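Only a predicted model underlies this, so the values are computations on that prediction, with no experimental measurement involved.
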Amino acid sequence: MPADPRSPAAAGNPQHHMRLFPFHTVVLGALIPAFIFSIGIGAMLPIIAPHAVQQGATLAVAGVIAAMLPVGQILADIPAGALASRIGDRPAMLLAGGTACLGLLGAALADSLIALALAILLVGAANAVFHLARHSYLTEITPPMHRARVLSTLGGVHRIGQFVGPFIGALVLQTGDLRLVFLLATATAAAASVTVALSRPEERRRHPDQRRSDSEAEDAVVRPSLRTVLRDHRALLLTLGVPVLLVGCIRGARQQVIPLWGEHLGLDPATISIIYGIAGGIDMLLFYPAGKIMDHFGRLWMGVPAMVVLGLAMALVPLTQAAAQLTWVAVALGLGNGLGSGIMMTVASDVAPSAGRPQFLGAWRLLQDLGIAAGPLIIAAGAALGSLAAGIWVAAAMGPAAGAALQRWLPRWSVHANRTTRRRAGLL
């Protein structure tokens with residue numbers, strides 16, 4: 001079972017008098033590093049495949065090399081939790097930043113396709129550690145009644161960074177050397193690490209409503225092993241893990257549906273990019289309102305509508321016949337995804353145990369990343385079987401299914417599911 005939300009750390013009233021975004025612990029310690037780190041990853045993503053082709057790879061091999069980034073994330077999700085538990089969240093972020101620098105520098109200097117693939121794999125692993133450690137860090141220092149706004153903002157700055165990154169990368173590409181984008185990403189990873197180092201961990205002590213911090217609570221007991229954490233929380237992961245997989249699945253499909261359907265319609269790459277960018281812009285605008293509603297009314301108030309809207313919007317994609325129609329559907333896709341900004345991180349923080357939190361979050365991220373990897377495969381399977389539209393509709397069905405699964409299982413495991421569960425727990 002997750003940590004008792006009725007403990008003083010979960011009480012509601014004193015939290016409303018606290019600063020929502022303390023500068024040194026939250027802004028400098030997590031949000032700014034996340035933004036800087038995401039700029040580099042966003043700049044790198046579009047040029048992995050073209051760089052591989054320049055190195056002599058076929059399109060198929062270039063696709064495999066680009067896939068090393070998510071593969072690295074999936075392989076590192078569980079070890080990332082064990083690492084963060086052993087050395088601490090902030091040291092894990094610093095180590096991940098340094099490892100990302102090595103991987104990105106290796107990609108810039110790679111003189112073979114194998115070396116390039118291994119470098120991208122290392123970047124993916126470092127990305128997993130960095131994401132998990134900052135999530136675990138914010139889970140510890142943020143009160144539950146502020147949690148959704150902080151974590152949705154984390155998701156928002158990540159989106160903004162990955163949105164801005166390709167444009168900065170495009171400016172760097174004016175030199176004509178793709179390797180310089182990897183060097184740009186190396187610099188941003190280093191800058192993110194320096195920012196984490198400049199934050200003040202000592203100021204993360206004590207919310208007024210906490211008798212002792214989670215770190216002190218963990219010091220009072222032996223840190224559990226990964227096997228122990230998975231065994232003790234298997235019922236939660238086997239039930240609430242279902243919507244985690246489904247949410248990851250439709251979000252993974254969302255990243256590919258506009259480019260693939262735009263290509264199907266015969267749109268030029270520039271038009272597809274503009275439509276994709278519009279969806280990303282709408283997505284970025286909604287993270288804070290979504291977090292505020294989740295903090296005030298509960299997680300289901302945004303989680304369920306977001307997944308339903310996302311699924312319905314994706315189901316409309318195969319019905320579009322022109323760029324204008326696809327643009328309006330892309331706006332709806334951005335709206336649905338933006339409404340759910342931070343929802344999975346927030347729910348994970350709500351149900352994570354204080355003892356063994358990083359290991360638990362590693363298992364949670366593994367489920368989510370597996371879903372993200374499965375989404376595009378569903379669409380690709382439809383296309384391979386002769387109907388891209390059918391693949392999109394199957395992926396779209398994951399949205400309402402995710403909403404229904406959240407409605408079914410979240411109230412069982414989290415008192416922050418809605419106002420009714422909070423009232424029953426004495427938090428209102």
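- In this structure, the side chains of Met145 and His296 stay at 4.5 Å or more apart for every pair of heavy atoms.
- Here the side chains of Phe167 and Leu171 are not in contact, with every heavy-atom distance at 4.5 Å or above.
- Counting heavy atoms from C-beta outward, Thr239 and Arg412 have side chains that approach closer than 4.5 Å.
- Residue pairs meeting the ring pair (Phe, Tyr, Trp, His ring centres under 6.0 Å) criterion with at least one member in residues 299-333, sequence neighbours excluded: Phe297-Trp301.
- Using modelled atom types and a 3.5 Å distance limit, the side chains of Ser38 and His158 yield a donor-acceptor pair.
- Ion pairing of Asp350 with Arg299 is present here, as a side-chain N (NZ or NE/NH1/NH2) and a carboxylate O approach within less than 4.0 Å.
- Rounding to the nearest 0.5 Å gives a distance of 10.0 Å between CZ of Arg90 and OG1 of Thr25.
- Evaluation of the side chain to side chain donor-acceptor pair (under 3.5 Å) test over residues 240-260, restricted to residues two or more places apart or in two chains, returns Arg251-Asn337.
- The main-chain N or O of Gly156 is never found under 3.5 Å from a side-chain atom of Thr153 such that the two would form a donor-acceptor pair.
- Side chain of Glu263 to backbone of Pro259: no donor-acceptor contact under 3.5 angstrom is found.
- More than 12 heavy atoms of other residues, nucleotides or ligands lie within 6.0 Å of CG in Leu319, so this atom counts as buried by the packing criterion.
- Residue pairs meeting the ring pair (Phe, Tyr, Trp, His ring centres under 6.0 Å) criterion with at least one partner in residues 171-198, sequence neighbours excluded, are His51-Phe182.
- A distance of 8.0 Å separates CZ in Arg134 from CZ in Phe37, rounded to the nearest 0.5 Å.
- Of the possible donor and acceptor atoms, none in the side chain of Arg149 sits under 3.5 Å from a partner among the backbone N and O of Lys292.
- The minimum heavy-atom distance between Arg159 and Ser341, with the atom names listed, is NH1-OG, 3.3 Å.
- Listed by first and then second residue, the ring pair (Phe, Tyr, Trp, His ring centres under 6.0 Å) pairs that reach into residues 244-266 are Trp261-His264, sequence neighbours excluded.
- Here the straight-line distance linking atom CG of Leu132 with atom CE of Met345 works out to 11.5 Å at 0.5 Å rounding.
- Considering only heavy atoms from C-beta on, Val123 comes within 4.5 Å of Ile41 through its side chain.
- Using a distance-only test at 3.5 Å, with no hydrogens or angles considered, a donor-acceptor pair links the side chain of Thr142 to the main chain of Leu138.
- Among Thr99, Thr186, Leu183, Val181, the one residue that satisfies the side-chain contact (heavy atoms from CB on, under 4.5 Å) test with Leu104 is Thr186.
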Which atom pairs, donor and acceptor, lie under 3.5 Å between side-chain atoms of residues 358-385 and protein residues at least two apart or in another chain?
| unit_1 | atom_1 | unit_2 | atom_2 | d |
| --- | --- | --- | --- | --- |
| Gln359 | OE1 | Ser85 | OG | 3.4 |
| Gln359 | NE2 | Ser85 | OG | 3.2 |
| Gln359 | NE2 | Pro224 | O | 2.8 |
| Trp364 | NE1 | Met344 | O | 3.4 |

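- With no hydrogens or angles considered, no side-chain donor-acceptor pair links Arg147 and Ser349 at under 3.5 Å.
- Taking the side chain as every heavy atom from C-beta outward, Leu267 and Leu326 approach each other to under 4.5 Å.
- With Thr320 contributing its side chain and Val317 its backbone, the two residues share a donor-acceptor pair below 3.5 Å.
- No donor-acceptor distance shorter than 3.5 angstrom exists from the side chain of Ser414 to the backbone of Pro411, with no hydrogens or angles considered.
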Taking only distance into account, with no hydrogens and no angle test, what donor-acceptor pairs under 3.5 Å do side-chain atoms of residues 56-82 form with protein atoms, sequence neighbours excluded?
| unit_1 | atom_1 | unit_2 | atom_2 | d |
| --- | --- | --- | --- | --- |
| Thr58 | OG1 | Val61 | N | 3.2 |
| Gln73 | OE1 | Asn127 | ND2 | 2.7 |

